[in-house]
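Below, all heavy atoms of this structure are taken into account, side chains as well, without hydrogens, waters or symmetry copies. Computed from a prediction, not measured in an experiment: that's the story for all the values here.
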Amino acid sequence: MISKIEQLEAELKAEIAALESPTAADAEALRIKYLSKKGLVSALMEEFRSVPAEQKRAVGQAINALKTTATQAINDLKEAAECGIGASGGLDLTRTASFAPMGTRHPLSLVREEIIDIFRRLGFSVAEGPEIEDDWHVFESLNFAADHPARDMQDTFFIGRNPEVLLRTHTSSVQTRAMMASKPPIRIICPGRVYRNEAISARAHCFFHQVEALYVDKNVTFADLRQTLLYFAQEMFGPKTEIRLRPSYFPFTEPSAEMDISCHLCGGKGCSFCKGTGWVEILGCGMVDPNVLKSCGIDPEEYSGFALGMGIERITNLKYQVKDLRMFSENDVRFLREFTAAH
């Protein structure tokens, strides 16, 4: 009986070794032949009943060992078939490749890198700063009056009960740090996440992303700012894009302006997206207020500069027409897959 068990094990190994390119069907055929209810191993169990009592222990152990060996060998064969590996252990190079689906970068990351790349071509370098800031860097150094509405609890997230520590409401605080840490010429772009205490809806969120730029040097003029903005708009939205600047107010720039671009959906003719005006607002800008330069240790009599800032979500909406801001932070894979081609 022992010799018969050993012979059966040798036959199983020989059959497996003879398979050059095993398939799942081959593995199933061997399972049925050896391990099914009517298989060869089950037949041995039937013969086991007639084995003398003094041999039952040795024969039983041999049958169990054969069953374990056969089960493991057939499972390995099935796994090898699924992986396209032959019995010899080599890789089947004729097997059709099965590619795993590739992911994609977040649309905000795509637009952020595109904006940075455009400004890098103009000589700007990336600067970063902390998201948890103090009142001086976020407000006071940027010429915000003590009673400015942006200091109100409705707009700003304060840390604990300390009114001096807060989550930054804009990345202008990075500009302040850069001006204090280095001497002109300064040419930086500041991307990052910012926070404001607003109700979450399709058009607003309590956190979003900004990119701000700062250029400080001798004899910097508003004409330099306008040419920078025109170059950015045409690189981002196409060479036929036009811009217009409207007077505005920001505490840290004087004069200040808001910039519109010609609607790239209707070509400036007027549509529902631009509300029939042919123009879409995308950013705020202006010449750095002398008080800001002075508070950061830069002589406003010798140096001047311009600053600009935009919301990355806003630019992404213009490029991809994403109408609900909440989609950017919900991590819906179906939404993210729409940007595979933009990678």
Side-chain angles (χ1 to χ4, degrees), residues 115 119 122-152 155-158 163-196 208-229 232 245-259 281-311:
I115 294 172
F119 278 92
L122 291 172
F124 286 76
S125 59
V126 176
E128 296 180 341
E131 295 183 6
I132 298 178
E133 269 287 8
D134 57 66
D135 182 89
W136 193 89
H137 286 94
V138 175
F139 294 129
E140 187 173 345
S141 65
L142 294 168
N143 206 34
F144 280 83
D147 58 351
H148 194 283
R151 292 175 176 264
D152 194 278
D155 296 323
T156 306
F157 286 108
F158 292 94
E164 297 296 321
V165 182
L166 49 94
L167 294 176
R168 66 185 182 189
T169 58
H170 47 200
T171 55
S172 302
S173 57
V174 181
Q175 299 179 18
T176 299
R177 290 182 176 274
M179 286 188 284
M180 294 180 64
S182 56
K183 296 181 179 180
I186 300 170
R187 190 179 295 175
I188 58 171
I189 184 169
C190 316
R193 181 180 294 178
V194 298
Y195 306 83
R196 293 182 187 175
F208 54 98
H209 301 79
Q210 282 187 338
V211 173
E212 299 192 25
L214 172 72
Y215 177 37
V216 178
D217 201 353
K218 295 181 179 179
N219 303 317
V220 176
T221 67
F222 201 94
D224 298 317
L225 169 60
R226 187 187 183 284
Q227 191 61 31
T228 299
L229 294 173
F232 165 74
L245 297 171
R246 294 178 288 105
S248 186
Y249 167 76
F250 303 108
F252 37 85
T253 54
E254 179 59 36
S256 302
E258 291 181 346
M259 188 183 89
E281 177 191 341
I282 67 167
L283 58 81
C285 60
M287 301 301 294
V288 180
D289 192 292
N291 290 332
V292 175
L293 294 174
K294 190 180 300 183
S295 67
C296 295
I298 296 176
D299 185 0
E301 297 295 331
E302 183 178 3
Y303 296 99
S304 58
F306 67 71
L308 61 95
M310 69 194 83

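The backbone N or O of Thr169 lies less than 3.5 Å from a partner atom in the side chain of Arg196, making a donor-acceptor pair. Looking only at distances, a side-chain donor or acceptor of Glu212 sits under 3.5 Å from a matching main-chain atom of Ser172. For the pair Asn291 (side chain) and Asn143 (backbone), a donor-acceptor distance under 3.5 Å is absent. Remark: the backbone N or O of Val288 is not paired with any side-chain donor or acceptor of Thr253 at under 3.5 angstrom.
For the side-chain contact (heavy atoms from CB on, under 4.5 Å) test with Val216, the passing option among Ser304, Ser182, Pro184 is Pro184; the others fail. Only one option out of Leu214, Ile186, Val292 pairs with Gln175 in a side-chain contact (heavy atoms from CB on, under 4.5 Å); it is Leu214. Paired with Val194 under the rule side-chain contact (heavy atoms from CB on, under 4.5 Å), one option of Val138, Thr171, Leu167 passes, and it is Thr171.
Classified by interplanar angle (parallel below 30°, tilted 30° to 60°, perpendicular above 60°), the ring pair Phe306/Phe124 is tilted. Ring geometry, Phe144 versus Phe252: the interplanar angle falls from 30° to 60°, so the pair is classed tilted.
Salt-bridge check for Arg193 with Glu131: failed, with every basic side-chain N at 4.0 Å or more from each acidic carboxylate O.
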Q.
salt bridge (charged side-chain N to carboxylate O under 4.0 Å, His left out), that's the test. Do Arg177 and Glu133 meet it? Break it down for me.
A. CA-CA 11 Å; Arg177 290 182 176 274; Glu133 269 287 8; 2.7 Å; yes

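For CG of Asp299, the number of neighbouring non-hydrogen atoms (other residues, nucleotides, ligands) closer than 6.0 Å is greater than 12.
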